[in-house]
Structure formats: C-alpha cells, structure tokens
S.K.: 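Mind having a look at this structure? Questions to follow.
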Amino acid sequence: MADTTLMDKLVSLCKRRGFIFQSSEIYGGLGSVWDYGPLGVELKRNVKDRWWNAMVHARDDIEGLDAAILMHPKVWEASGHVAGFTDPLIDCRHCKNRFRADDPRIKGTPGQPDAQCPVCGTRGSLTEPRLFNLMFKTFMGPVEESAAVIYLRPETAQGIYVNYLNVLQGSRQRVPFGIAQIGKAFRNEITPGNFIFRTREFEQMEMQFFVKPGTDAEWFEQWREIRMAWHHSLGLTPAKLRWHQHAGNELAHYARAAYDIEYEFPFGWNEIEGIHNRGDFDLGRHQEYSGKKLEYFDQAANERYLPNVVETSAGADRVTLTILADAYREETVEGETRVVLGFHPALAPIKAAVLPLVKKDGMPELATEVYHGLRRDFPCFYDDSGAIGRRYRRMDEAGTPFCVTIDGETTAERTVTVRHRDSMQQDRVALDQLAPFIRDRIRAANAA
Ligand code: ATP
C-alpha cells in the first residue's frame, strides 16, 4: 500500500536539511523540476561515482564518454523518437487539467458529451486524445523556424551510438566492449510526480555493450546479474529489489528481451533501471539514416557485422530517491523520536562530524585542528552549537556515519570518542589513528 506519509516526511526532511529543493521555489516552483542542495549534490555525486567506478574504472572492456545534450535532429528521426516518443493526452477544456488517455479515473468516451473530467467533474469538457511528443524542442541559431528545430535529448544512449566508431578507433577496444555515459536527459512528462522519481529534467547512467550477433543473449544475462549486484552493493534492503520482465505487449518492437530492476518505494514497486537486449536496431537505424557504414570488422575471424547492443540504463535521480527512501527510519530513543538516514557509509554526503563537547578549555581549537586534518581524507562537518545530543541528532538526520567528539581527555590523552550512527555506541580512538579508523570502517562496509 502506498505510504504517502513517509514520502511527505522524506520530502520535508530533504528540504530542511538541504538535500533537495523545488526548482525556482520563490516564483512558485517549476513543475517536476528539482534542485540538489549541499547534501543532495554530494549524495547524488556519490551514486554517480560509484556507478562510474564499477562500470568504467573497474573494467578493461568499457570506455567512458560525455556527449553533448544537443544533437543533430536526424538522430531523433533515426532513433524513432520523433515519430514514436509520444503519449496520447486528453485535456479538460473547463479546468485545464491534462490526463493520459489510459488514466483509469476517466469515465465515458473522451470527446463525447458523456465523458466526465476526473478533477472538476464537468461532463463533455474532455477533448479527444491527442498525441503529445515528450521531447523538449528548441531552436538553434537566430531564426525560430522549423528548419532550426532541435531537441533536448530524452536519453543519453544516442550519443553513444553515434560515437561508437570514434570510441572504437581511439581506444583500440574490440567487440565485445562497452561505452558508458552519465548525463542529463529531458522529457516533457505528462504525469510527472513522486518527488524526484519522475521529473522533466533528470540524469541517466547508461551503458551500451556492443557484442557479436549470437552472443547477445548470453551477455544480456551477465549484465542482468552485474547490475542487480550493483544495486545490492548500495546497501538497499534486498527484499525491496526485484525483477520485472517485459511481457510481449510491453516489449519495444525491436527489443529481443527487457527486464526492469524495480524497487518498492513508499508509493509502490517501480522501475529504477532497465536492461535491454536491443539487437542491431540502433546501429542499423543510424547506418540507414546517416548513410555511413557502422559495421565492425572482426580481424581475427575476418568478418564484418553490425554489433548487437545490450543496454543498461539507470536514472541517477531515481537511484538517489531509492537510497533516501531505503535509508529513512524513525526510532524511539529515551522517549524521543530519532530520525536517521542510515546511508551506506560510502554514499553518505558527510562521513564524519567533529564536535567539541563544550565551547571552552581549548576544545574548539583542538576540534578545528582535527576537522582540518580529517577533511583531507573525506567530507567532514564541524559543529559546536547546542547540546551534544542535539548535534548527534542533526548528524543522524544528515546520515553522517561517524561523530567525533573532542572532550576533556582529548588534550591529555590524545584520544577522541567516535560515536557510530546506527548503534549509537562509542569507541575511544587515539587521535593519530582516527583517519584510518574511519577509512577502515567505510572500506569494511564496502566489502560487506
Ligand atoms: P518509465 O516507464 O518510468 O517512464 P522508461 O521505461 O521510460 O521509464 P527508460 O527510457 O528505460 O525509462 O529510462 C531508463 C531509466 O531512466 C529509468 O529506469 C529511470 O531510472 C530513468 N528515467 C526515465 N525517465 C525518467 C524521468 N522522467 N525522471 C527520472 N528518471 C527517469
């Protein structure tokens, strides 16, 4: 069942603590566009870095790419987005609300007098379904005419296809190999919502793996396994991750097989990543529309072929939402509610907070020194205001795994207290061992 309260709490925590703000809020906000604040930008960056490390740095057979958002308009004809990236929409002439044609709340036949608007209840005010393209259009150059129309990319994948030969030549890779990219994508979604789950501007983390025809099914299975393992490595609750296989009627006409990795959000099970066996559809279409040969020459076998593509496509924002939703918990401690974001330490925006117990006896000075030392190794936060218990709670809400407290014994004994976010237990650690102590625990969580 949808837990709307939990989402409300999460949205409000994200705003209060500087994770995520609504875009242009002082002007009333822009629908389904969000800005990442100081903690949010670190969290999302950690998600992207983790993906990049796993997909590019840790592998010999994948190269990175950063293609431009603006592309030749023919790209979107070849990809099928100009003709097919559409949703049928119905407008209410009375209240101006807009609905997808498959909205189950609509009663009657839109365009006919019997149809009733699900929002304002007016009869006969609904238009017939009209096709609506999800791509954002703009103009290139000074003249706003149809010849100058270009699009904001609705996915990053096409930048990879059109560069596949460039990467192949420049990198000396051989098929099978992949190209990975992280970048912004834009979709004029009609029914956006659920916070950063479905937005009009978002970031994708996509990888296209080029393989010899006939080996695609095997690679597809391998990539399914690798990608699911990656989501588990983020520390997500295993029971909240599952596969959804696209049935025949859901499958794009060119796709040979497709699976989504789904997460159980407070508003239900939903896709966070798609893994697709796309055959040679994409390279075939670009070869046809550009008139350029995109075949691969396999020297060892002395044969030419158009590689097949296995795609893994995840949303950085959706994965970030998954991590936030999975990490949120409330506990009762000594009669008070403690809100914790129990992030995996590698994903936490701040790894350690340094807190002088009191603002005297040289503690702030020593704490500042410790803070400057630690932040050479990882993002840290210094806080000397308020009771120590309140400062711990603030760090729990920010998801900071370690709080380092400088107290009366620190000067004399050169030791500090390290308080663990989840267990709230405390260890006494020698000052010169502090950075390795924290680093080892982050590493241990990574290996777990
Ligand atoms: P959905 O059915 O949810 O619209 P999709 O099947 O259109 O998604 P793909 O085109 O396969 O999605 O995109 C791959 C990934 O990009 C998705 O799994 C998701 O994580 C992300 N994504 C797609 N659209 C959006 C969006 N509007 N906002 C945020 N992330 C998105």
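Every number for a ligand or one of its atoms is a count from 1 in the order of the listing. We're numbering straight along the sequence, starting at 1.
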S.K.: Glu397 and side chain to side chain contact (heavy atoms under 4.5 Å, CB included): which single residue from Val340, Leu39, Val339 fits?
M.R.: Val339

S.K.: Has Asn133 got a side-chain atom pairing as donor or acceptor with Met135's backbone, closer than 3.5 angstrom?
M.R.: yes

S.K.: Consider every N or O of Ile272 and every N or O of ligand 1, then say whether any pair is closer than 3.5 Å.
M.R.: yes

S.K.: Using a strict threshold of under 4.0 Å (side-chain N to carboxylate O), is an ion pair present between Lys351 and Asp377?
M.R.: no

S.K.: So which protein heavy atom does atom 28 (N) of ligand 1 come closest to, and at what separation?
M.R.: Thr199 N, 3.0 Å

S.K.: Considering only protein heavy atoms, which is closest to atom 19 (C) of ligand 1, and at what distance to one decimal place?
M.R.: Arg318 NH1, 3.4 Å

S.K.: Is it the case that ligand 1 has an N or O less than 3.5 angstrom from some N or O of Gly315?
M.R.: yes

S.K.: What orientation do Tyr254 and Phe281 show, parallel under 30°, tilted 30 to 60°, or perpendicular over 60°?
M.R.: parallel

S.K.: If you measure from the Lys or Arg side-chain nitrogens to the Asp or Glu carboxylate oxygens, is any gap between Lys44 and Glu203 under 4.0 Å?
M.R.: yes

S.K.: For Asp317, which part has a heavy atom under 4.0 Å from ligand 1: side chain, backbone, both, or neither?
M.R.: neither

S.K.: I'd like to check which ligand 1 atoms, numbered from 1 as shown, lie under 4.0 Å from a non-hydrogen atom of Phe197.
M.R.: 28 (N), 29 (C), 30 (N)

S.K.: Salt-bridge test for Asp383 and Arg391: reply yes if a basic N is under 4.0 Å from a carboxylate O, no otherwise.
M.R.: no

S.K.: Going by the order shown, which atoms of ligand 1 are within less than 4.0 Å of some heavy atom of Ser313?
M.R.: 13 (O), 14 (C), 15 (C), 18 (O)

S.K.: Among all protein non-hydrogen atoms, which one is nearest to atom 22 (N) of ligand 1, and what is the separation to 0.1 Å?
M.R.: Phe202 CE1, 3.6 Å

S.K.: To the nearest 0.1 Å, how far is atom 8 (O) of ligand 1 from its closest protein heavy atom, and which atom is that?
M.R.: Glu271 OE1, 3.8 Å

S.K.: Considering only heavy atoms, which of Glu155, Arg187, Glu201, Glu273 lies nearest to atom 9 (P) of ligand 1?
M.R.: Arg187

S.K.: Return a yes/no value for Glu206: is any of its N or O atoms, backbone included, closer than 3.5 angstrom to an N or O of ligand 1?
M.R.: no

S.K.: Please work out whether the ring planes of Phe265 and Phe197 are parallel, tilted or perpendicular, with thresholds of 30° and 60°.
M.R.: perpendicular

S.K.: When you measure from atom 4 (O) of ligand 1 to every protein heavy atom, which one gives the shortest distance, and what is it?
M.R.: Arg198 NH1, 2.5 Å

S.K.: Please confirm whether the backbone N or O of Gly399 pairs with a side-chain atom of Arg421, one donor and one acceptor, at under 3.5 Å?
M.R.: yes

S.K.: Which ligand 1 atoms, with their elements, are less than 4.0 angstrom from a heavy-atom of Glu189?
M.R.: 24 (N), 26 (C), 27 (N)

S.K.: Assess whether a salt bridge exists between Glu221 and Arg224, defined as any Lys/Arg side-chain N lying under 4.0 Å from an Asp/Glu carboxylate O.
M.R.: yes

S.K.: For atom 16 (O) of ligand 1, what's the nearest protein heavy atom and its distance?
M.R.: Gln204 NE2, 3.2 Å

